[in-house]
Student: 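There's a structure below that I have some questions on.
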Amino acid sequence: MLHLSGGSPRAWRSASLVATAAAMLALTTACGQEKGDQSPNGQNVGNQAPADAGYGAGDGYGADSGDAQEGAEAKSAGQLAVWDSKKLGKVVTDSEGLTLYRFDKDTAQPPKSNCEGACATTWPVVSAKGAVAPPGVDESLMGEVTRSDGSKQLTIDGWPMYRYAKDKKAGDAKGQGVGGTWYAAAPDGKKAAAAEEEEAPPAETEPVDPAGLSTRNDPKLGEIVVDKNGMTVYRFTKDSAWPMKSACTGACLEKWPVVPPVEKNDTKGILKKGFVVFDRPDGQQQQTIDCWPMYTFAGDKKPGDTNGQGVGGTWYAAGPDGKPVGAPK
């Protein structure tokens with residue numbers, strides 16, 4: 001123990017400096033800053049890129065980096081294979097079935113990796129040593145790039161290859177799209193992408209006549225009128241034809257929109273007698289058949305729907321002669 005009482009002022013200052021230095025050394029040691037791991041170029045191996053570098057999520061590198069350790073010898077891919085994924089298309093895997101990835105911030109011409117430090121912990125480098133091209137894939141696409149630490153990294157068409165630390169078993173592809181910069185690698189080195197699925201043919205339905213108004217044969221109702229979009233046309237039994245009058249006004253028209261005017265020569269199978277346009281009091285013009293106002297139904301969502309049939313006991317699909325199909329006599 002250092003005794004300060006009775007000493008000279010100079011001795012007291014010296015002792016104080018010694019104590020301060022000892023405290024600083026202890027603090028430095030406790031924070032783990034004694035020496036630090038150094039890479040060959042003298043920089044700390046743990047130097048991190050900015051959080052928005054695109055290496056992963058959260059802090060930019062992704063969480064739970066798994067068992068991969070920075071500085072550990074890169075693992076060989078061995079015999080490469082191609083996995084035909086329904087979601088991603090053809091994907092290159094290592095001999096254990098683990099997905100190989102490429103990084104958008106790397107370059108292929110010339111080959112260069114920009115994933116170092118903590119990035120390479122989350123995205124372990126694939127060693128070029130012992131890697132064998134997948135069956136059926138051009139061996140000339142296989143190559144290597146020398147990393148900053150002197151190790152050789154596998155490349156496919158110039159793109160450096162990586163695994164993802166969160167992929168634990170064959171078929172995992174949890175790194176796909178991470179940070180908007182990491183993507184599963186295709187056999188040609190490009191980003192894996194599923195082939196565009198052929199557009200499914202439309203469901204078989206009764207052909208819709210292109211005329212402004214035509215008819216179709218409904219399996220339950222028989223021959224009824226449809227508009228140019230194939231939507232069922234309706235009659236309202238509370239309307240009148242002589243004199244021509246519509247009892248559907250205001251909010252009623254939100255559910256039962258009027259059929260707009262149609263040229264006579266733009267019809268097929270419709271009665272032409274009384275095929276006139278009704279000038280409604282609200283200013284709208286409405287097509288009639290045999291002088292009866294015609295409507296569609298907002299509750300019909302696709303051609304062939306007849307959801308308005310019988311609504312309220314007053315709405316019925318219109319026949320080609322304008323009469324309400326299925327209405328009570």
Side-chain angles (χ1 to χ4, degrees), residues 49 52-57 60-62 65-66 68 70 72-197:
D52 62 353
Y55 299 140
Y61 297 98
S65 58
E70 170 64 7
E73 183 178 356
K75 184 179 178 181
S76 172
Q79 174 63 62
L80 299 180
V82 176
W83 168 42
D84 197 356
S85 165
K86 290 184 179 179
K87 291 185 178 180
L88 303 178
K90 295 186 181 299
V91 175
V92 179
T93 71
D94 65 10
S95 58
E96 297 178 0
L98 293 174
T99 300
L100 300 192
Y101 297 88
R102 48 167 281 177
F103 184 32
D104 278 357
K105 295 194 176 184
D106 288 349
T107 59
Q109 300 296 330
K112 185 179 186 302
S113 169
N114 288 307
C115 180
E116 303 280 352
C119 172
T121 301
T122 301
W123 301 92
V125 169
V126 177
S127 173
K129 184 178 179 180
V132 181
V137 175
D138 188 354
E139 293 185 2
S140 66
L141 292 174
M142 307 283 289
E144 61 182 36
V145 61
T146 303
R147 295 179 58 81
S148 59
D149 61 3
S151 64
K152 306 291 186 181
Q153 182 174 3
L154 173 67
T155 63
I156 299 180
D157 197 29
W159 287 99
M161 293 291 111
Y162 308 82
R163 297 180 183 85
Y164 184 43
K166 288 187 178 182
D167 287 349
K168 300 300 183 184
K169 63 183 185 299
D172 282 352
K174 298 176 182 178
Q176 176 70 7
V178 168
T181 52
W182 290 93
Y183 297 93
D188 58 1
K190 294 182 171 60
K191 300 175 186 179
E196 293 185 5
E197 295 183 2

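In this text the structure is predicted, and so the values were computed from the model without any measurement.
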Student: Describe, in one word, how the ring planes of Y162 and F103 are oriented to each other, choosing from parallel (under 30°), tilted (30 to 60°) and perpendicular (over 60°).
Tutor: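 Taking F103 first and then Y162, their aromatic rings stand perpendicular (interplane angle over 60°).
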Student: Report yes if some heavy atom in the side chain of K105 is under 4.5 Å from a heavy atom in the side chain of C115; otherwise report no.
Tutor: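 No, too far: nothing below the 4.5 Å cut-off.
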Student: Using only atom types and a distance under 3.5 Å, with no angle test, would you say the side chain of Q79 pairs donor to acceptor with the backbone of S95?
Tutor: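 Pair absent, no side-chain N/O of Q79 close to backbone of S95.
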Student: Does T107 have any side chain to side chain donor-acceptor pair (under 3.5 Å) partners at least two apart in sequence or in another chain, and if so, which?
Tutor: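 Once residues adjacent in sequence are excluded, T107 has no partner under the side chain to side chain donor-acceptor pair (under 3.5 Å) criterion.
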Student: If only atom types and distance count, is the side chain of K168 paired as donor or acceptor with the main-chain N or O of A165 below 3.5 Å?
Tutor: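 Here the side-chain-to-backbone pair exists.
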Student: For the side chain of R147 and the backbone of E116, is there at least one donor-acceptor N/O pair under 3.5 Å apart?
Tutor: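 Judged by distance alone, no pair lies under 3.5 Å.
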Student: Assess whether side-chain contact (heavy atoms from CB on, under 4.5 Å) is satisfied between D94 and V126, documenting all intermediate values.
Tutor: CA-CA 9 Å; D94 65 10; V126 177; over 6 Å; no
Student: Report, as yes or no, whether the 6.0 Å neighbourhood of atom NZ on K174 holds more than 12 heavy atoms from other residues, nucleotides or ligands.
Tutor: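 Count over threshold, so yes.
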Student: Measuring only between side-chain heavy atoms, which start at C-beta, is V92 closer than 4.5 Å to V137?
Tutor: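 No, too far: nothing below the 4.5 Å cut-off.
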Student: Would you please name every residue forming a side chain to side chain donor-acceptor pair (under 3.5 Å) with Y101, sequence neighbours left out?
Tutor: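 Here the qualifying residues are D167.
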Student: With a 4.5 Å limit on heavy-atom distance, are the side chains of W182 and Y164 in contact?
Tutor: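 In short, these two side chains do not touch, never coming nearer than 4.5 Å.
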Student: State, to 0.1 Å, how close I156 and P187 come at their nearest heavy-atom pair, and which atoms those are.
Tutor: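 Looking at all heavy atoms of both residues, the closest pair is CG2-O, 3.5 Å.
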Student: Taking all heavy atoms of T99 and all of A184, pick out the closest pair and write down the distance.
Tutor: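 The pair with the smallest heavy-atom distance is CG2-CB, 3.8 Å.
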Student: Among residues at least two apart in sequence or on other chains, which ones pass side-chain contact (heavy atoms from CB on, under 4.5 Å) with K152?
Tutor: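 Partners of K152 under the side-chain contact (heavy atoms from CB on, under 4.5 Å) test: A128, E144, T146.
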Student: Please confirm whether the backbone N or O of M161 pairs with a side-chain atom of Q153, one donor and one acceptor, at under 3.5 Å?
Tutor: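 Side chain of Q153 to backbone of M161: a pair is present.
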Student: So, using side chain to side chain donor-acceptor pair (under 3.5 Å) as the criterion, who are the partners of K191 when residues are at least two apart?
Tutor: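 Checked K191 against side chain to side chain donor-acceptor pair (under 3.5 Å); matches are D104.
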Student: So which atom in G171 and which in W83 form the shortest heavy-atom distance, rounded to 0.1 Å?
Tutor: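 Minimum heavy-atom contact is O-CH2, 3.3 Å.
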Student: Sequence neighbours left out, what passes side-chain contact (heavy atoms from CB on, under 4.5 Å) with A133? Give chain and number order.
Tutor: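 With neighbours one apart ignored, the set is E139, M142.
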Student: Show the nearest heavy-atom pair for residues P160 and V145, with the distance to one decimal.
Tutor: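 Taking every non-hydrogen atom into account, CG-CG1, 4.3 Å.
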Student: Could you tell me which residues satisfy salt bridge (charged side-chain N to carboxylate O under 4.0 Å, His left out) with D106, sequence neighbours excluded, listed by chain and number?
Tutor: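 By the salt bridge (charged side-chain N to carboxylate O under 4.0 Å, His left out) rule, D106 matches no residue at all.
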Student: To the nearest 0.5 Å, what is the distance between CZ (R163) and NZ (K75)?
Tutor: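 Separation between the atoms: 5.5 Å.
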Student: Nearest 0.5 Å please: distance from the CD atom of Q109 over to the CG atom of D157.
Tutor: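 The CD atom of Q109 sits 7.0 Å away from the CG atom of D157.
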Student: S76 and A131: which non-hydrogen atoms are nearest, and at how many Å?
Tutor: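 For S76 versus A131, the nearest heavy atoms are OG-N, 4.0 Å.
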Student: Looking only at heavy atoms, which two atoms of V82 and P134 are closest? And how far apart?
Tutor: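 It is CG2-CB, 3.7 Å.
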